[in-house]
Protein chains: 2
Amino acid sequence: MNRSVRCPVAATLQLVGDRWTLLIVRDLLRGRRRFNELRESVEGIPPAVLASRLRALESAAIVQRRLYQDRPRRFEYRLTPRGHALGVVVGALADWGQRYAEADLTLVDGECGHGISVVYHCPTCAREAPRRRVRIVGREQARLPGRERQPTLPE
Amino acid sequence: MNRSVRCPVAATLQLVGDRWTLLIVRDLLRGRRRFNELRESVEGIPPAVLASRLRALESAAIVQRRLYQDRPRRFEYRLTPRGHALGVVVGALADWGQRYAEADLTLVDGECGHGISVVYHCPTCAREAPRRRVRIVGREQARLPGRERQPTLPE
DNA sequence: AGGGGTCAGTTCAAGTCATGAAGTTACCCC
DNA sequence: GGGGTAACTTCATGACTTGAACTGACCCCT
């Protein structure tokens, strides 16, 4: 069951690639939530599915379940740092959705108030990387500059 | 079935939020592909699922099916511009996967060869937007700068 | 003309998973 | 003791997925 997956896209989708998981992450990005809060905000999720997804996310160290009150016992769920890092995935989905599917909501920067998008970025060169230049290659091939590289030729 | 979804994340997931679809998109990002090529590169996908996903992607205008040879009839699949825009979603999944799941492959800029990441970007301010500042709000609330806004309070 | 191969799927039985309604446990307050 | 809330489970049904096998159109070779 746990055979390691070479492709980072496939590896990530194995953890969060189903109909509900990223909606749960979306709501947890806004802060800690209790079971029934998620049940209401993740529109239409059956409680059995919510429970099983939360447990899967917990064992993947994406969310953490915390007892926040004894007597009666009450629990809350929150993202780990690993889980917060999924924010960009959710953001990319939102960015696409606001452009290509009709949606009422939109991504903004809370400080300047402008609409924002999700892009590739090269931290070494400190600049945006155009989509067409991006490739997926073996780790040993990264960091070797030059354009003579053949692995994933674009269209 | 086609009730409109308000949240752009939910709207996007309704189209591509299953176990296989984004793997198909991942491989089509490298260029046009034939049915059996996808069958081999999308590891383990049953042909019935591939056929049904391709037809769903076609009717969502994400891929286009083209006859590229008569006698024998042969088809190829390629991304529409809409579909190419999903590249950033796949990139965000890859970025997370290369950091948090063990994977042998990594994202690079084909020109400078450096590893790249996926980030939020404010095109108006021409700068990167830190993850913590990003919110999802109603469209009418975008573009109004200022910090007095309450919709989605962070943790 | 017959045999073998490729491509692009389809068909089908079996199994797995999701769904929605209802129930459960533990506790509180009145 | 009656009612309410929170956090789940349980269960029967139905939908979807899976893997193996099959189909049909066409090619090339002998």
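These numbers come from the heavy atoms of this one structure, side chains and all, not from hydrogens, waters or symmetry mates. Every chain is numbered from 1, with letters handed out A, B, ... down the list of sequences.
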Task: Closest listed nucleotide, where the reference is the side chain of B:Ala48 and the choices are D:dT18, C:dG9, D:dC8 - done: D:dT18

TODO: Kindly point out which of D:dC8, C:dT11, C:dG9 is positioned nearest to the side chain of A:Phe35?
DONE: D:dC8

TODO: Mind checking B:Arg34 for me? I need base, sugar-phosphate or nothing, with any heavy atom below 4.0 Å counting as a touch.
DONE: sugar-phosphate

Open item on the list: Quick check on DNA chain C: between A:Arg74 and A:Pro46, whose nearest nucleotide comes earlier from the 5' end?
Closed with: A:Pro46

- [ ] Tell me whether the OP1 or OP2 atom of C:dT19 has a side-chain N or O from A:Arg19 closer than 4.0 Å.
- [x] yes

- [ ] Verify the contact: side-chain N or O of A:Trp20 to OP1 or OP2 of C:dC17, cut-off strictly under 4.0 Å; return yes or no.
- [x] no

Task: Upstream residue (5' side of DNA chain D) when B:Pro47 and B:Ser52 are each assigned their closest nucleotide - done: B:Ser52

Open item on the list: Any salt bridge linking A:Arg133 with B:Glu111? Criterion: basic side-chain nitrogen under 4.0 Å from a carboxylate oxygen.
Closed with: yes

- [ ] Using atom CZ of A:Arg55 as one end and atom P of C:dC17 as the other, report the distance to the nearest whole Å.
- [x] 15 Å

TODO: Rounded to the nearest angstrom, tell me the gap between atom CD in A:Gln69 and atom P in D:dA6.
DONE: 10 Å

Task: Atom-pair distance (CG on B:Leu54; C1' on C:dG9), nearest Å - done: 11 Å

Name every donor-acceptor pair, under 3.5 Å, that has one atom in a side chain of residues 49-57 of chain B and the other anywhere in the protein, sequence neighbours excluded.
{"residue": "B:Ser52", "atom": "OG", "partner": "B:Val49", "partner atom": "O", "Å": "3.4"}
{"residue": "B:Arg53", "atom": "NE", "partner": "B:Asp18", "partner atom": "OD2", "Å": "2.9"}

Open item on the list: When you measure from the side-chain N and O atoms of A:Arg39 to the phosphate of D:dA6, is any distance below 4.0 Å, counting only OP1 and OP2?
Closed with: no

Task: Whole-Å gap separating P (C:dC27) and CG (A:Asp70) - done: 9 Å

- [ ] To the nearest Å, give me how far apart CG (A:Leu50) and P (C:dC17) are.
- [x] 18 Å

- [ ] Could you tell me whether the phosphate oxygens of C:dG9, OP1 or OP2, come under 4.0 Å of any side-chain nitrogen or oxygen in B:Tyr77?
- [x] yes

Open item on the list: Under a 4.0 Å threshold between the charged nitrogen and the carboxylate oxygen, would B:Arg34 count as salt-bridged to B:Glu76?
Closed with: no

- [ ] Just compare C:dT19, C:dC7, D:dT18 and give me whichever is closest to any side-chain atom of A:Val49.
- [x] C:dT19

- [ ] Tell me who clusters with A:Leu67, hydrophobic residues only, linked when side chains sit under 4.5 Å apart either directly or through other members.
- [x] A:Phe75

